[in-house]
Amino acid sequence: MLIQDATLADGRRRDVRVEGERIAAVERRLSPRDDERIVDADGKLLLPGMIDAHVHFREPGFPAKETWASGSRAAAAGGVTTVVDQPNTEPPTIDRESFVEKTALAADSLVDFGISGGVTPDWNPDELLAEPLFALGEVFLADSTGEMGIDADLFADAVAAATDRGVAVTVHAEDADEFDESVRPSGEDAGDGQRQGANERTDADAWSAFRTPEAEHAAVERACQVGEELGSQLHIAHTSTPGGIDRAAESGMTCEVTPHHLLLSRDDLPELGTFGRMNPPLRSEQRREEVFERVTDGTVDIVATDHAPHTRVEKDAGIWDAPSGVPGVETALPLLLAEAREGRLSYERVRDLTAATPAAVFDLPRKGRVEGGKDADLALFDPDATHEIRGEELHSKAGWTPFEGWDGIFPEWTMVRGETVYRNDGNEEFGDARGENVRSGE
Ligand SMILES: NC(=O)N[C@@H](CC(=O)O)C(=O)O
Ligand SMILES: [Zn+2]
Ligand SMILES: [Zn+2]
């Protein structure tokens, strides 16, 4: 196949030849071969498919929230060609049996995938770390969905075990000791009974008041100290504060920011209500702006979605009872491209945040670039075709989005290792499940 006259992220216009699963050549002009399929990409933007290093596809355990089939369709329709699934499923992915069970379910995936393993007091590091794991993590330093928060000693042991075996570690960095119990109605959980409930609140912003920025600062600090002591390369998941990002960068660790922490703030909570509850929570508008600056200036390494679908019925509850998390895998690249179109980010920066740098951080040498020899994981866009995001049109089982009504630039075509997984020429079409574990065969 010959893709002619595509515009790459850096503005170069190139012909791109795909042979089998790989990009064979990227040149100014390539002569079509006899019988070669020609794709006219004049005026179109060709990007490496997004590597979303943080999704929760919910299988096994919660197929009503998401499955590998539904989640990977959402990914393909959003220009995502590799996803990395997190361990807080049921059973949690903490030993050989659970890893093998999840790998079998991932055969339904349209896009390539990684499976990360988790840490609980019951985990089996010898079994788990011997599997073709993407990374260890997200390791939860405080409870989130799945209640997998662990203590400092177990964290240090887990980081040491992963480092010994050359496995990367990703960290959910919040410290529950720094949560503000005074805003939580008394009677919720045990805790510091003294302060609990003194300033009880039930509005949606209470979640942001409860899970404080200091909780992130403290946990990033602790994680970095452990990482520095053990000489480990840690990746801090979903950083939401400038302080957390700066601390991670200072110690040479990498970090990610989600589209919701980049684009939404506490100012949006009156409208979002409990549908804006996630961990870590939305921060002040000022902090959001400071996070955005760090995404544009390169302090933040990657954008990952933390796609965390819950059903509408589950989310439609009181702020202290609704589950935490928002879907995002289908809207991330479209939202970033809309930001780029408005001049707030460059297309090159979008490519680096979503593909080139995740491939470098997580050691995926065949992925993340439109270059000869790489996997033909590609997404083609009309950079002027903005589309108003509608939750009911998205493919996650969630059926809602915190970005309702925002502009997105969605792919016309998404390819995984040379095969079409998504096509939209007015009608949407999906390819077959063909996802492979990006760590198998290593
Ligand atoms: N981010 C969230 O609020 N929720 C995630 C878990 C997590 O990433 O902490 C989920 O799995 O629902
Ligand atoms: Zn998390
Ligand atoms: Zn997560």
Side-chain angles (χ1 to χ4, degrees), residues 18-23 48-60 66-69 71-73 75-76 80-89 91-119 123-139 161-170 233 235 302 304 307 329 355-356 358-369 373-378 414-421 431-442:
V18 173
E19 275 175 12
E21 300 200 338
R22 302 289 181 98
I23 298 169
M50 179 167 175
I51 298 166
D52 187 348
H54 192 147
V55 305
H56 298 266
F57 278 0
R58 306 301 192 198
E59 258 187 323
E66 201 74 288
T67 61
W68 279 93
S72 69
R73 283 163 71 97
V80 174
T81 51
T82 300
V83 294
V84 181
D85 191 59
Q86 305 299 310
N88 57 338
T89 42
T93 315
I94 53 169
D95 54 19
R96 178 178 301 130
E97 194 182 345
S98 51
F99 185 89
V100 168
E101 181 183 359
K102 184 174 282 185
T103 303
L105 291 162
D108 290 343
S109 182
L110 273 68
V111 301
D112 280 351
F113 59 85
I115 294 175
S116 286
V119 181
W123 78 309
N124 187 326
D126 293 330
E127 281 185 15
L128 187 64
L129 294 166
E131 293 297 323
L133 264 195
F134 186 83
L136 190 66
E138 55 182 296
V139 181
T163 304
D164 271 356
R165 292 171 177 81
V167 173
V169 181
T170 71
Q233 189 59 48
H235 176 78
I302 73 173
H307 177 77
V329 72
V361 166
F362 292 108
D363 196 20
L364 302 171
R366 291 220 309 268
K367 305 252 182 233
R369 289 184 176 275
K374 303 289 182 193
D375 282 350
D377 293 347
L378 299 168
T414 308
M415 203 185 301
V416 172
R417 282 176 290 104
E419 295 279 343
T420 298
V421 290
D432 297 326
R434 70 183 320 270
E436 286 180 358
N437 182 345
V438 293
R439 294 275 189 244
S440 61
E442 276 183 3

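All values derive from a computational prediction rather than experimental measurement.
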(request) For a side-chain contact (heavy atoms from CB on, under 4.5 Å) with Val80, tell me which candidate from Val55, Ile51, Val329, Val421 qualifies. (result) Val329
(request) Would you name the heavy atoms of Thr414 and Ala76 that are closest together and state the gap between them? (result) OG1-O, 2.8 Å
(request) Step by step, work out the side chain to side chain contact (heavy atoms under 4.5 Å, CB included) result for Ile23 and Leu378. (result) CA-CA 10 Å; Ile23 298 169; Leu378 299 168; 4.1 Å; yes
(message) I'd like to know if the side chain of Lys374 reaches the main chain of Pro365, judged simply by a donor and an acceptor atom lying under 3.5 Å from each other, with no hydrogens or angles considered.
(response) yes
(request) State, yes or no, whether a side-chain contact exists between Phe362 and Thr170 at a heavy-atom distance under 4.5 Å. (result) yes
(request) Say whether His56 and Glu66, considering side chains only, have a donor N or O and an acceptor N or O under 3.5 Å apart. (result) no
(message) Between the side chains of Asp375 and Arg22, is the shortest nitrogen-to-carboxylate-oxygen separation below 4.0 Å, so that they form an ion pair?
(response) yes
(request) Please examine the side chains of Pro91 and Pro60, heavy atoms only from C-beta on, and report whether any two atoms are closer than 4.5 Å. (result) yes
(request) Answer whether the closest heavy-atom distance between the side chains of Leu128 and Asp95 falls below 4.5 Å. (result) no
(message) Using every non-hydrogen atom in the two residues, find where Leu133 and Ser116 come nearest and quote the distance to one decimal.
(response) CD2-C, 3.9 Å
(request) Mind checking the CG-CZ spacing from Asp363 to Arg439? Nearest 0.5 Å is all I need. (result) 6.0 Å
(request) Could you pull out the closest heavy-atom pair between Arg434 and Val416, with the gap in Å? (result) NH1-O, 2.7 Å
(message) Distance check, rounded to the nearest 0.5 Å: Arg96 atom CZ versus Glu131 atom CD?
(response) 5.5 Å
(request) May I ask you to say whether Arg165 pairs ionically with Asp126, meaning some side-chain N is under 4.0 Å from a carboxylate O? (result) yes
(message) Testing the basics here: between Gly118 and Trp123, what is the closest heavy-atom pair and its distance to 0.1 Å?
(response) O-CE3, 3.6 Å
(request) Can you measure from NE2 (His235) to CD1 (Ile302) and round to the nearest 0.5 angstrom? (result) 4.0 Å
(message) Main chain of Gly435, side chain of Asp112: is a donor-acceptor contact present, judged purely on distance under 3.5 Å?
(response) no
(request) Could you pull out the closest heavy-atom pair between Gly418 and Val18, with the gap in Å? (result) CA-CG1, 4.0 Å
(request) Check for a donor-acceptor pair, side chain of Asn437 on one end and backbone N or O of Thr103 on the other, with a separation under 3.5 Å. (result) no
(message) Counting C-beta onward and ignoring hydrogens, is there a side-chain heavy-atom pair between Thr93 and Ile115 closer than 4.5 Å?
(response) yes
(message) Once rounded to the nearest 0.5 Å, what's the spacing between atom CD of Gln86 and atom NZ of Lys102?
(response) 8.0 Å
(message) Which label fits Trp68 and Phe57: parallel for a plane angle under 30°, tilted from 30 to 60°, or perpendicular past 60°?
(response) perpendicular
(request) Answer yes or no: does atom CD of Glu97 have more than 12 heavy-atom neighbours from other residues, nucleotides or ligands under 6.0 Å? (result) no
(request) Please report the closest heavy-atom contact between Ala359 and Gly368, naming both atoms and the distance. (result) CB-CA, 4.1 Å
(message) If I take atom CZ from residue Arg417 and atom OG1 from residue Thr81, how far apart are they, to the nearest 0.5 angstrom?
(response) 10.0 Å
(message) So does Gly431 get a backbone contact from the side chain of Thr420, meaning a donor-acceptor N/O pair under 3.5 Å?
(response) no
(message) Within the structure provided, determine whether Val111 and Glu436 are in side-chain contact (heavy-atom separation under 4.5 Å).
(response) no
(request) Would you please test Thr82 and Val438 for side chain to side chain contact (heavy atoms under 4.5 Å, CB included) and show each step? (result) CA-CA 8 Å; Thr82 300; Val438 293; 4.0 Å; yes
(message) So, taking the atom named CG in Asn124 and the one named CD in Glu127, what distance separates them when rounded to the nearest 0.5 Å?
(response) 3.5 Å
